[in-house]
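Report on one structure; see the data block that follows.
Given the structure is predicted, the values throughout are model-derived calculations rather than measurements. All chains are named by letter (A, B, ...) in the order of the sequence lines, taking the proteins before the strands, and each is independently numbered beginning at 1.
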Amino acid sequence: MEDYAIELKNVSKTYGGRRESKVTALSGIDLRIRKGEFVAICGVSGSGKSTLLNLIGCLDKASSGDVFLNGRSVNKLSSRSRAHIRNSETGFVLQDFGLIPYRTAYENVMLPFYFSSKRVKDRSSRVCMALNSTGVSELRSRKVSKLSGGEKQRVAIARALVNDPDIILADEPTGALDSKTKKEIIRLFEEINEQGKTVVVVTHDMELANAAHRVLHIKDGHIE
Amino acid sequence: MKRLAAYNQTYIMVSLFLAVVVIAQFLMLDDGYFDYISQLNANKFKTSRYEYVISPSDKETIDSLLNDLPDRVSGTNDITIVGMTPLDDNKCSVITYYPEVSSSRKVQVINGDSIKDLEEGCIVCNDLPNSAYQIDGNNYLKLKNDQYKVIGIGNGSDAYQYVDREMGASHRFYCVYSDYWNITTSAVELVFQYDSPLSITEEKMLQNHIKSYTELKDYIAPESLDSEYRHEMIMRFVYIVTMVMFCLICNYNIISYLFFKLNDEYQISRICGATELRITMMKLMDLLITGVFASIVGTIGYVLLNKVAGTDHTLPEQSRFIAINIAVYFVVLLAVAGIGGIYGRLRHRA
């Protein structure tokens, strides 16, 4: 039996309470992503890509079907357990970086430890290692608001890596970057993947999609 | 977008609500309904004027003063009671307690309508300024300004500010207070002032200022009434600024609490592994800390500016202000958060 990092079985997601105002974002999604795979999910705006990423990342619950991370069903887990998975098993990278602008790069990367249920002794050195691995260790004491777009994204990736998660999820990670910086960030994702981590990126950007092992196209809530 | 629209609508609604509260409080200051603030306003007078307080038991001094009055001002020394309801117990307490005063002088009771007929130098008992204000407003006092030296006996509170402004320091305005503003004691305190209207002072404070009648003769009030007026305005301005600042912070916190799921920090915390409960608790803590901080900063600002304005509130008064600030903050916070919570649950159910 093959080991899957991510597995979705007949997953649907609908929003809205009333019958007439219900919106189906995803419908009957079956998806398997192997450990160490680099997958890009492409599609137009509103096609359901970000919803899919949110389900995989335990930010949202599927309305029906099941989501498995590393072989474990996460859809019926408690809020605390899902938070624990977000903290230690997945790392998120967002298009708008998702950093606290008035904090330093170091403090932003430290954030997952703040929410960690386990006490991590060497967290300072792990933060430094994460910043170093993304090439921004010299910016550790600089406030995020003073950083360039590329530097911010590197800090965001460092934060996603700091707890050494198996899965990295990125939502349009190159969307706010210029072409040169974009190439650097794509290379960074490739390096992360080469280290054995499963990488799933949602993107419009074909350059980033081409760097992936597999490209999935999503349209109207269905994978084509 | 819907949530953002709801955010904006709620922000505007809560802002309007708080603006109405602040404006209402400001308006209430004038009428003295907001007792505590009225008390603060009233108490400010005590520091800027000398007060001569004679114990009710010191009848010799009282008689001496009253007998001396005719020599000090020209005209009759009849006692005139002015007011719409002049004969209730409180307003006639001087006469009740000092029958010899009333027996030695002709007691004339006039209604507000007759206030213009006051004789120069008469002794006016009761709320002279209140009555004047209610009946004839500025006209009465301005009319008398050039020709009368009024001796007043009475009580009242906010109205004396009015007399201050209208009559001016050039007037010799004697007030003998029967009972003071809060009417909490049956004892009669007599406060004599020279060339200025009376302040309203608490009993304990009055006892600290007792001076002899001989000092009264030599005293000439040095302060201009302009400064009194300025103090009053600064007081109110500071109060309003404090409340507005306070409400803005309340508003920001309440709104951000109700809609904090829209905030970046909420999303960031979630992707970093925080539970909803943890984020809510963090936000509430933030809310509480900011609220207490705002209360303390607002109060310190209030106290400091009062000092600059020359007022002299006691520590208990200032402590009460702090307590009121914090209480107001939490009441508003809990009310709005409660309403928001119920609304959210109903929406969720729907």
Side-chain angles (χ1 to χ4, degrees), chain A residues 15-19 21 23 50 53-54 56-61 77-103 107-118 120 144 155-156 158-163 165 168-171, chain B residues 1-10 245 248-249 251-253 255-294 297 337 339-350:
Chain A
Y15 292 104
R18 296 186 194 122
R19 222 172 265 176
S21 63
V23 175
S50 294
L53 203 70
N54 287 348
I56 295 169
C58 293
L59 284 170
D60 216 343
K61 278 187 174 184
L77 289 179
S78 66
S79 170
R80 182 187 284 256
S81 302
R82 293 164 66 82
H84 177 71
I85 290 172
R86 289 198 299 273
N87 181 259
S88 58
E89 294 181 30
T90 61
F92 266 91
V93 181
L94 305 175
Q95 179 179 5
D96 56 0
F97 319 119
L99 299 170
I100 301 172
Y102 51 86
R103 295 283 182 194
E107 288 165 338
N108 270 279
V109 177
M110 182 66 88
L111 209 56
F113 291 124
Y114 181 67
F115 297 114
S116 176
S117 53
K118 283 186 289 186
V120 182
V144 163
V155 173
R159 188 185 60 196
L161 292 172
V162 74
N163 253 343
I168 299 296
L169 305 170
D171 193 352
Chain B
M1 286 305 289
K2 278 183 184 173
R3 287 178 74 187
L4 201 60
Y7 176 94
N8 289 333
Q9 279 169 10
T10 310
M245 188 190 83
L248 284 175
I249 294 171
N251 196 351
Y252 171 77
N253 263 323
I255 299 296
S256 66
Y257 172 71
L258 292 178
F259 290 93
F260 74 90
K261 286 189 179 181
L262 289 175
N263 293 353
D264 285 346
E265 284 178 37
Y266 172 78
Q267 294 299 347
I268 294 167
S269 303
R270 281 201 82 208
I271 63 173
C272 289
T275 59
E276 298 253 348
L277 180 67
R278 176 102 185 245
I279 300 171
T280 305
M281 294 308 293
M282 280 166 52
K283 196 68 198 172
L284 274 174
M285 278 305 291
D286 182 38
L287 209 60
L288 296 181
I289 290 166
T290 318
V292 172
F293 180 74
V297 169
I339 292 165
I342 292 165
Y343 176 72
R345 277 178 184 275
L346 289 175
R347 279 197 59 144
H348 184 69
R349 277 188 192 170

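Contact check for B:C272 versus A:Y114: no side-chain heavy atoms found under the 4.5 Å cut-off.
In this structure, the portions of B:R270 lying under 4.5 Å from any heavy atom of chain A include both its backbone and its side chain. Only the backbone of A:L99 comes within contact range of chain B, with heavy atoms under 4.5 Å apart.
When every heavy atom of A:A83 is checked against every heavy atom of B:T275, the shortest pair comes out as CB-CG2, 3.4 Å.
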#### Entry: Worked check of side-chain contact (heavy atoms from CB on, under 4.5 Å) between A:R159 and B:I271
CA-CA 10 Å; A:R159 188 185 60 196; B:I271 63 173; 3.3 Å; yes
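Residue B:I268 holds its CD1 atom at 8.0 Å from CG of A:L94, rounded to the nearest 0.5 Å.
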